[in-house]
Chemist: 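Here it is: the structure, laid out below.
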Amino acid sequence: MNTLAYIPLAGAILVMAAGLIVRRYRRYLTVASLFLVGYVIGYRWIHSGHPPMLGTFEKTIMAAFTLLVTSLVVDRKGVFSVHILGMAIFILLYGLFFDTQIRPLVISEQSLLVYFHVLFAWMGYGIYTLCFLGALHVLWSKRYRDEEIVRWTLERGLLYGVVAQSVSFFIGSYYSSRLHGSWWVWDAVEYLFLISWLLYGVALHGRVLLRWDDRKVAGWIIAAFVATIVLYWGLVYIPWATYHVFDMDIKMHMPFRW
Amino acid sequence: MVKNIIDYLGSKRLTLTILKTGPIVPAILTILWILDLRPPTFYMVWAPLMAWGIAFLVNLVASLFVQHYVHRANLLFHVSFVIVATGIVVSLLYRFEGEAIVVEDGLFMGEEAEYVRHNAGRFFNTLAPRDVGFHVERIEPVFWQNRLYFTGLKATIRYPPATGSTTAGIELNGGPTIGGARLRLTGYGIFPEVVLEEGGRVVLKDLLMVGVFPPGNEDHIMLKNYRMYMRLYPDYHMDERGKPSTRSMYIRGPALFVRVEWLYNTIYSGVLRQGESVGFMDMKLTFTGARRFVMVGIVKDPGEWLVFTGFLIAGASLLLRLKGRSRKG
């Protein structure tokens, strides 16, 4: 990646860091950092011919972008904004430990279906992150417990997250039937998806069916988010890596082995 | 008594208990995966999942009658699981999956012997798709920066083999449906083509099905009493250290490194360019060229459309649910 993309990325990190300090202009700084991260996404998209989704570095850009968008759209009062900015900075810095080279898409991922699968997966991730923050506030902060956004994360947000994750799975599963010949492949990514999905399912059903209190739902949301973190970020560390890992420096992606 | 049982089977508490126990099996499987332990599939994967899945479905079906769904979309979403489950059962009973190796300009007629592997066992004639023959006209791989990084792979086929009236392309993520079976590419490689003569008589003139792709891979075959090790360089050149190498992954002036052993003694070791021969004992080996091949996955799954119908309904109902209209009461 050349300096034309590094400078906006560094700029985004600095603007977000400023947003952590300057409370008054935090929302404007969030918008500014969103544009800078958006520029990096656009730059890579134009030069690689595909949206950033190949390898951990590109995932971190998309994750930061998703977090900023979700925060701006859903959390209008900016209750979670400081946490979101902190998380986005951490994610972007973490991404720099991975290969930043711009690569064309491998043939296994060349499909619009993959783009939509990824889009819904990131939508789910953004919403789940807000749910996680809401759950933390319920468990450990009295100040914001009754904020509208915290209530939203425990009910509506949880539902939106499950919907986005489910749609991502349905699209991925259909694409898997074309790529692997089977709509379900026994692989670590599927195991982790099931764990995460079912844990959110428990939180959602507990709330709807048994009217669980906030603290109980929050506990399950946190457990589910841990599984989600492993699902989104942990696969690259799992030895005997799965077909969902596209990092060149970790594992050469070789779909064809004789 | 029966009503109590049905009430329990469809109860909300049982729903939550089943959901809570759901992550246990995948969690165990993830840990086993990390430890690189591949469990016996039936006992560790299918048996516990079936037990959980049956409990889930029983609770689900009972809850359709016992519980009151506030949102129609919720009801539809849960019904979709029953459709998916039906699809899974149909797939388990009738799914056919096979894989065949077909070289460029080669034919596939769908005979059992032509499959490298298939899952039908002795039910091949019942489950395998009929009339799935085709002719592979052309195979076109595209590599990024001449590395083993595929940015394109397409096999152009003509079918049916008798007339070749229809042309289609098969790629890694899809291809035409022939005889009710979906085709897709599952692999790519290159086979060397050799002629072996013994005392002036041709004893072998064929492609050698050896694993010499990607370049650097070494494989061997037994011919007569000779063990022949080989490596293929599709775009041969000598590197700066004077060692045989390949410039790219494409076939442009291929060469075959051959090491011949007889009674564990190396009697020949060297590189043959296309058209070159080597003699050892009373044998003569000629490297005549290299040909691309593809592995074609052939799947016929009558349960699949049920599963996807279920997914479609589930997806649509979830989106409807977001609109949040409730049924009266």
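These numbers come from the heavy atoms of this one structure, side chains and all, not from hydrogens, waters or symmetry mates. Proteins get letters first, then strands, A, B, ... in listed order; numbering begins at 1 in each.
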Chemist: Which bit of B:F311 is near chain A, if near means a heavy-atom gap under 4.5 Å: side chain, backbone, both or neither?
Modeler: both
Chemist: Of A:Y232, A:W220, A:F132, which meets ring-ring contact (aromatic ring centres under 6.0 Å, His included) against A:F225?
Modeler: A:F132
Chemist: Heavy-atom distances under 4.5 Å only: say whether B:T15 touches chain A with side chain, backbone, both or neither.
Modeler: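 Side chain of B:T15 only, per the 4.5 Å heavy-atom cut-off to chain A.
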Chemist: Heavy-atom distance under 4.5 Å to chain B: side chain of A:S196, backbone, both or neither?
Modeler: neither
Chemist: Take the angle between the ring planes of B:Y115 and B:H118 and call it parallel below 30°, perpendicular above 60°, tilted in between.
Modeler: perpendicular
Chemist: Looking at A:Y175, A:Y160, A:Y174, which makes the most heavy-atom pairs under 4.5 Å with chain B?
Modeler: A:Y174
Chemist: Return all side-chain donor-acceptor pairs below 3.5 angstrom for residues 197-205 of chain A, not counting sequence neighbours, or 'none' if the list is empty.
Modeler:
from	atom 1	to	atom 2	distance (Å)
A:W197	NE1	A:S166	OG	2.9
A:Y200	OH	A:T228	OG1	3.4
A:H205	ND1	A:G201	O	2.8

Chemist: Taking every non-hydrogen pair under 4.5 Å, which of B:E304, B:R184, B:K20 racks up the most with chain A?
Modeler: B:R184
Chemist: So, does B:R182 use its side chain to make a donor-acceptor pair with the main chain of A:S177 at under 3.5 Å?
Modeler: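 Yes, B:R182 side chain to A:S177 backbone: donor-acceptor pair under 3.5 Å.
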Chemist: Pick one of side chain, backbone, both or neither for A:F193, based on which atoms fall under 4.5 Å of a heavy atom in chain B.
Modeler: neither
Chemist: Please name all residues satisfying side chain to side chain donor-acceptor pair (under 3.5 Å) with B:R231, sequence neighbours left out, ordered by chain then number.
Modeler: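 Partners of B:R231 under the side chain to side chain donor-acceptor pair (under 3.5 Å) test: B:E218, B:Y233.
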Chemist: Any chance the side chains of B:Q145 and B:R147 put a donor and an acceptor closer than 3.5 Å?
Modeler: yes
Chemist: Does any heavy atom of chain B fall under 4.5 Å from the side chain of A:L105, the backbone, both, or neither of them?
Modeler: backbone
Chemist: With only heavy atoms counted, which part of B:I88 is less than 4.5 Å from chain A, the side chain, the backbone, both or neither?
Modeler: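 For B:I88, the side chain is the part near chain A, not the backbone.
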Chemist: Let me know if A:S176 has heavy atoms under 4.5 Å from chain B in its side chain, its backbone, both or neither.
Modeler: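 Interface part for A:S176: neither.
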Chemist: Using heavy-atom distances under 4.5 Å, tell me whether B:I31 contacts chain A through its side chain, its backbone, both, or neither.
Modeler: neither
Chemist: Does CD belonging to A:E148 count more than 12 external heavy atoms closer than 6.0 Å?
Modeler: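 No, because the 6.0 Å sphere around CD of A:E148 holds 12 heavy atoms or fewer from other groups.
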Chemist: Heavy-atom pairs under 4.5 Å with chain A: which of B:E97, B:E171, B:R95 has the most?
Modeler: B:R95
